[in-house]
S.K.: 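Got a structure here, written out as structure tokens. Questions coming.
In listed order, ligands and their atoms are each counted from 1. Nothing fancy with the numbering, it's 1 onward along the sequence.
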Amino acid sequence: MRIILIGPPGAGKGTQAGALSERLGVPHISTGDLFRDHVARRTPLGQDAQHCLDTGELVPDHVTGGMVRERLQRPDARNGYLLDGFPRTVPQAKELSSILGATGTVLDAVLELSAPEEVVVARLLSRGRTDDTEEVVRNRQRVYRNQTAPLLAHYSDILVTVPAVGPVAEITARALDGLSATGRRAG
Ligand code: AMP
């Protein structure tokens, strides 16, 4: 299955993606993790991306798109993936359709983890990651609202929305139910 995961920062995308990738047998590909890895290894891409990660801004689309294109070409992604954190803008969604078109593949579902902004902000502030100062946390929510949330309408035909509040295992179960009920392919 080819699934993309969308939700505000703090909705638990990484946690759910880990559980779902195991259950569905596809790799979990997180652009946030790919960027953090580049930053840790001090690659040129990491050096370009660092400031954006520190402030909660998005890394420019051409940098992100190139990194994802390369990652999706690796053999482990041939039969499917769970893409976490990409696309985050309309141009990135176009880039993804071009990647899919080139390989003659389609997305099976877009999974939205939805949670009220006050809930995710409180979660992020209690997590204490170094890029999680209140200003950065609020900025990341604003970036989500303005640039990423509009993608939900773009994917309305394959959208599965799951409330991301409550115990982790319950959210995973809701997501698996929703995915198996989507139109394009039963999971
Ligand atoms: P995440 O772990 O998904 O919250 O991502 C952490 C940071 O990486 C974001 O705040 C952005 O700076 C950057 N990032 C991750 N995914 C993308 C993307 N698709 N486009 C641009 N920047 C991204």
Side-chain angles (χ1 to χ4, degrees), residues 2-21 26-74 77 81-100 107 110-117 119-152 154-155 162 164 168 171 175:
R2 291 174 185 80
I3 300 169
I4 69 182
L5 195 53
I6 295 187
K13 292 191 297 297
T15 305
Q16 289 303 324
L20 291 169
S21 114
V26 291
H28 167 205
I29 298 177
S30 152
T31 46
D33 287 349
L34 292 174
F35 281 128
R36 282 184 286 275
D37 182 55
H38 275 282
V39 169
R41 290 188 290 120
R42 297 194 161 83
T43 67
L45 194 154
Q47 282 166 5
D48 286 350
Q50 171 124 47
H51 178 73
C52 294
L53 268 77
D54 288 345
T55 56
E57 290 300 317
L58 295 182
V59 177
D61 285 335
H62 69 277
V63 176
T64 309
M67 180 179 77
V68 171
R69 192 177 275 273
E70 187 275 321
R71 178 64 186 86
L72 294 185
Q73 278 167 357
R74 292 199 214 150
Y81 42 79
L82 186 59
L83 203 44
D84 161 13
F86 182 92
R88 256 172 152 106
T89 64
V90 172
Q92 290 182 12
K94 295 197 172 130
E95 173 77 7
L96 181 60
S97 16
S98 137
I99 296 172
L100 290 162
L107 286 177
V110 173
L111 180 64
E112 176 197 7
L113 290 182
S114 76
E117 189 161 323
V119 172
V120 291
V121 167
R123 258 187 217 170
L124 289 173
L125 291 177
S126 67
R127 184 168 81 168
R129 211 165 78 179
T130 53
D131 60 347
D132 284 347
T133 64
E134 176 147 7
E135 194 190 337
V136 170
V137 163
R138 299 235 174 248
N139 191 37
R140 293 170 80 217
Q141 297 298 325
R142 195 160 44 236
V143 167
Y144 176 77
R145 223 184 302 122
N146 294 338
Q147 301 197 60
T148 308
L151 292 180
L152 297 171
H154 180 87
Y155 289 122
V162 167
V168 169
I171 301 169

S.K.: Which distance, rounded to the nearest 0.5 Å, do you find between the OG1 of Thr43 and the CG of Asp48?
M.R.: 8.0 Å

S.K.: Within ligand 1, which atoms have a heavy atom of Leu53 less than 4.0 Å away?
M.R.: 7 (C), 8 (O), 12 (O), 13 (C)

S.K.: Please determine if Pro87 has a nitrogen or oxygen closer than 3.5 Å to a nitrogen or oxygen of ligand 1.
M.R.: no

S.K.: Considering non-hydrogen atoms only, spot the tightest contact between Ala17 and Leu82 and give its length.
M.R.: O-CD2, 3.4 Å

S.K.: Looking at Arg42, I'd like to know if its CZ atom is crowded, meaning that more than 12 non-hydrogen atoms belonging to other residues, nucleotides or ligands lie closer than 6.0 Å.
M.R.: no

S.K.: Does Thr64 approach ligand 1 within less than 4.0 angstrom via side chain, backbone, both or neither, non-hydrogen atoms only?
M.R.: side chain

S.K.: Closer than 4.0 Å to some heavy atom of Glu57 - which atoms of ligand 1 meet that?
M.R.: 11 (C), 12 (O)

S.K.: Using a strict 4.0 Å cut-off to heavy atoms of Thr31, name the atoms of ligand 1 that fall inside it.
M.R.: 15 (C), 16 (N), 17 (C), 19 (N)

S.K.: Number the atoms of ligand 1 from 1 as they appear, then name those within less than 4.0 Å of a heavy atom of Gly85, with their elements.
M.R.: 16 (N), 17 (C), 18 (C), 19 (N)

S.K.: Please work out which of Arg140, Gln147, Gln92 has its closest non-hydrogen atom nearest to atom 20 (N) of ligand 1.
M.R.: Gln92

S.K.: Over all heavy atoms of both residues, which pair between Thr55 and Asn139 is shortest? Give the atoms and the distance, please.
M.R.: O-ND2, 3.0 Å

S.K.: Is there a polar contact, in the sense of an N or O pair closer than 3.5 Å, between Arg36 and ligand 1?
M.R.: yes

S.K.: If the test is side-chain contact (heavy atoms from CB on, under 4.5 Å), which one of Thr31, Leu96, Ile6, Thr64 qualifies with Pro87?
M.R.: Leu96

S.K.: With salt bridge (Lys or Arg N to Asp or Glu O under 4.0 Å) as the rule and sequence neighbours excluded, what pairs involving residues 56-69 come up?
M.R.: Arg69-Glu95

S.K.: Does Cys52 come within less than 4.0 angstrom of ligand 1, counting non-hydrogen atoms of the residue?
M.R.: yes

S.K.: Is there a nitrogen or oxygen of Asp33 sitting under 3.5 Å from a nitrogen or oxygen of ligand 1?
M.R.: no

S.K.: Sequence neighbours left out, what passes side chain to side chain donor-acceptor pair (under 3.5 Å) with Ser114? Give chain and number order.
M.R.: none

S.K.: So do Val168 and Gln16 actually touch side chain to side chain, heavy atoms under 4.5 Å?
M.R.: yes

S.K.: If we only count N/O pairs under 3.5 Å, is Phe86 in contact with ligand 1?
M.R.: no

